[in-house]
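Report on the structure given below.
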Amino acid sequence: MSGSLLVDNIGELVTNGLGEGPLGIRRDAAVLVEDGRVAWVGASAYAPAADRRLDAGGAAVLPGFVDSHAHLVFAGDRAAEFAARMAGEPYTGGGIRTTVGATRAATDDELRATVRRLRGEALRQGTTTMEIKSGYGLTVADEARSLRIAAETSTETTFLGAHVVPAEYADRPDDYVGLVCGPMLAAAAPHAKWIDVFCERGAFDVDHARAILACGQAVGLGVRLHANQLGPGPGVQLGVELGAASVDHCTHLSDADVDALAGAHTTTVATLLPGAEFSTRSPYPDARRLLDAGVTVALATDCNPGSSYTSSMPFCVALAVREMRMTPAEALWAATAGGARALRRDDIGVLTPRARADLVVLDAPSYLHLAYRPGVPLIRKVLLNGVPQ
């Protein structure tokens, strides 16, 4: 859609940069959009002329949510596993192999339909940027096709061939690491921006994780890392050592882990995934401890069929406030600008001049309602690159 668009009569505008407090709030505001970018932000009374107008009706307007951790390329579901956990069985991560079998058996069109369905769900709930991982194929061909399908929907694609060791390599983990670092990486890298490893007991140890991530860096992929979800471990400090954009989960942290993330020269973001703790009845990460130490925190859904089958960033915001002692402002920043930091982007997660015009109009007067009214569909309108969806 060509021409300019003025979004005005905004009661509360969250810019994450140009206004009051850490959220950069402006009252009685307007945003001018031109060529898919924010061209101007200011008071409605001084808004420039535009070709078209969107009246926000006094509602709150936010940057689109940035979901920096999601697993959308899969087949089947694990509802029975969820029911078993709710009946008291512990979560160990072992169900990943169930999804691997279903994903390998699925056609490209079946996988594509799942990605588009979940991406559509997320967009309707205000998510305008969504990272998508592979990791349920675990063969050269299946990882490459997973990333190829993911890249049809997102530029933020992550090679997660090191999700778990597949059954056929159960007794030969070193051989599987060699496959991941060699033919699998070669086939996946043309479709990926990032590389990730599940560094956890029952998955990949620190030496294997370091080797795989180093191979990814050598071919130009950025580093991300699943770390410290199921228990204490070396993952967080490995991520900081390698300059990872993000270490994700961060459920079980030592003082040394927090110190590493809070280091003066650290650019690694701690991405928290409260949907996983909700779905697995595990302890929630201590977001308050991280924030008080000065760590940059992001929120993401971890959308996947086993441990966090939600595509809702508003739900994760509400969980972060209720269960992880974040303030509503901290949670919203983490779900927008924080997610952008986790993807090393400065053009999303904010509504400032030259940023991408991804914005959300709430059916509420303030961002506070995201946590205040959990489970209520508060997203009235979504603009993606300045285009109403």
Side-chain angles (χ1 to χ4, degrees), residues 4-8 10-44 47-48 54 56 59-69 122-123 125-131 154-156 193 245-246 267-272 291 295-301 313-314 316-317 320 326-362 366-368 370 379 381-389:
S4 57
L5 170 68
L6 182 69
V7 184
D8 68 352
I10 300 170
E12 177 185 87
L13 175 66
V14 174
T15 70
N16 285 335
L18 291 173
E20 166 193 328
L23 293 180
I25 290 176
R26 301 180 72 105
R27 315 284 176 184
D28 301 317
V31 176
L32 179 67
V33 175
E34 293 179 342
D35 299 322
R37 297 275 170 172
V38 175
W40 177 90
V41 176
S44 278
L54 174 61
V61 171
L62 325 170
F65 296 116
V66 180
D67 187 351
S68 61
H69 184 126
L123 183 62
Q125 296 174 90
T127 297
T128 49
T129 301
M130 198 169 198
E131 181 257 17
S154 177
T155 60
E156 300 292 344
K193 180 177 178 180
S246 180
T267 59
T268 301
V269 173
T271 298
L272 309 184
L291 290 164
V295 176
T296 301
V297 170
L299 289 174
T301 63
M313 287 291 279
C316 292
V317 166
M326 296 178 80
T327 68
E330 289 168 339
L332 177 58
W333 191 93
T336 51
R341 294 271 186 96
L343 295 173
R344 296 208 164 142
R345 298 275 297 271
D346 59 11
D347 62 328
I348 55 176
V350 296
L351 291 175
T352 55
R354 294 179 295 280
R356 208 168 74 175
D358 294 346
L359 58 87
V360 172
V361 182
L362 294 186
S366 172
Y367 75 90
L368 293 169
L370 291 168
I379 309 303
K381 178 76 72 176
V382 179
L383 273 64
L384 180 62
N385 288 319
V387 178
Q389 302 300 296

Open item on the list: Return the CG to CG distance between Asn385 and Asp35, rounded to the nearest 0.5 Å.
Closed with: 11.0 Å

- [ ] Could you go through the side-chain contact (heavy atoms from CB on, under 4.5 Å) check for Val350 and Val38 one step at a time?
- [x] CA-CA 10 Å; Val350 296; Val38 175; over 6 Å; no

Open item on the list: Please list all pairs meeting side-chain hydrogen bond (donor to acceptor under 3.5 Å, both in side chains) that have one or both residues in residues 327-336, counting only residues at least two apart or in different chains.
Closed with: Asn16-Thr336, Arg288-Glu330, Thr327-Glu330

Open item on the list: I need the minimum non-hydrogen distance between Ala30 and Leu6, along with the two atoms involved.
Closed with: CB-CD1, 4.1 Å

Open item on the list: A side-chain contact here means heavy atoms from C-beta on lying under 4.5 Å apart; do Val33 and Leu54 qualify?
Closed with: no

Task: Heavy-atom donor-acceptor pair, Ser44 side chain to Ala29 backbone, under 3.5 Å - done: yes

- [ ] Evaluate the side-chain proximity of Val61 to Leu351: yes if any heavy-atom separation is below 4.5 Å, no if none is.
- [x] yes

- [ ] Please report the shortest heavy-atom distance between Ala331 and Ala320, naming the atom on each side.
- [x] CB-CB, 4.2 Å

- [ ] May I ask you to say whether Glu12 pairs ionically with Arg27, meaning some side-chain N is under 4.0 Å from a carboxylate O?
- [x] yes

TODO: Assess whether side-chain contact (heavy atoms from CB on, under 4.5 Å) is satisfied between Leu299 and Met326, documenting all intermediate values.
DONE: CA-CA 11 Å; Leu299 289 174; Met326 296 178 80; 4.3 Å; yes

Open item on the list: Let me confirm one number: the CG-OG1 distance from Leu343 to Thr155, rounded to the nearest 0.5 Å.
Closed with: 8.5 Å

Open item on the list: A side-chain contact here means heavy atoms from C-beta on lying under 4.5 Å apart; do Pro63 and Val14 qualify?
Closed with: yes

Task: Test item: Gln125 and Met313 side chains (from C-beta on) under 4.5 Å apart, heavy atoms - done: no

Task: side-chain contact (heavy atoms from CB on, under 4.5 Å) between Thr301 and Phe65, intermediate numbers included - done: CA-CA 11 Å; Thr301 63; Phe65 296 116; over 6 Å; no

Task: Closest non-hydrogen atom pair between Tyr367 and Ala60, with its separation - done: N-CB, 4.0 Å

Open item on the list: Is there a side-chain contact between Glu156 and Ser68 in this structure, where contact means two heavy atoms from C-beta onward sitting under 4.5 Å apart?
Closed with: no

- [ ] Would you mind checking if Arg356 and Asp358 are paired as a salt bridge, meaning a charged N to carboxylate O distance below 4.0 Å?
- [x] yes

Task: Spacing of Thr271 atom OG1 and His69 atom NE2 [to the nearest 0.5 Å] - done: 8.5 Å

Task: Considering all heavy atoms, the nearest Ala342-Ala245 contact - done: O-CB, 3.5 Å

Task: Distance (rounded to the nearest 0.5 Å) between Leu23 CG and Leu18 CG - done: 12.5 Å

Open item on the list: Tell me whether Asp347 at atom CG has more than 12 heavy atoms from other residues, nucleotides or ligands lying less than 6.0 Å away.
Closed with: yes

- [ ] Determine the minimum heavy-atom distance between Gly126 and Val382, stating which atoms define it.
- [x] CA-CG2, 4.0 Å

TODO: Test Leu370 against Leu62 for side-chain contact (heavy atoms from CB on, under 4.5 Å), laying out the working first.
DONE: CA-CA 11 Å; Leu370 291 168; Leu62 325 170; 3.8 Å; yes

TODO: First locate atom CG of Leu384, then atom CD of Gln389, and finally report the distance between them rounded to the nearest 0.5 Å.
DONE: 4.5 Å

- [ ] Identify the two heavy atoms, one from Val41 and one from Pro353, that lie closest to each other, and give their separation to 0.1 Å.
- [x] CG2-CD, 4.4 Å

Task: Leu332 side, atom CG; Ile25 side, atom CD1 - distance, nearest 0.5 Å - done: 8.5 Å

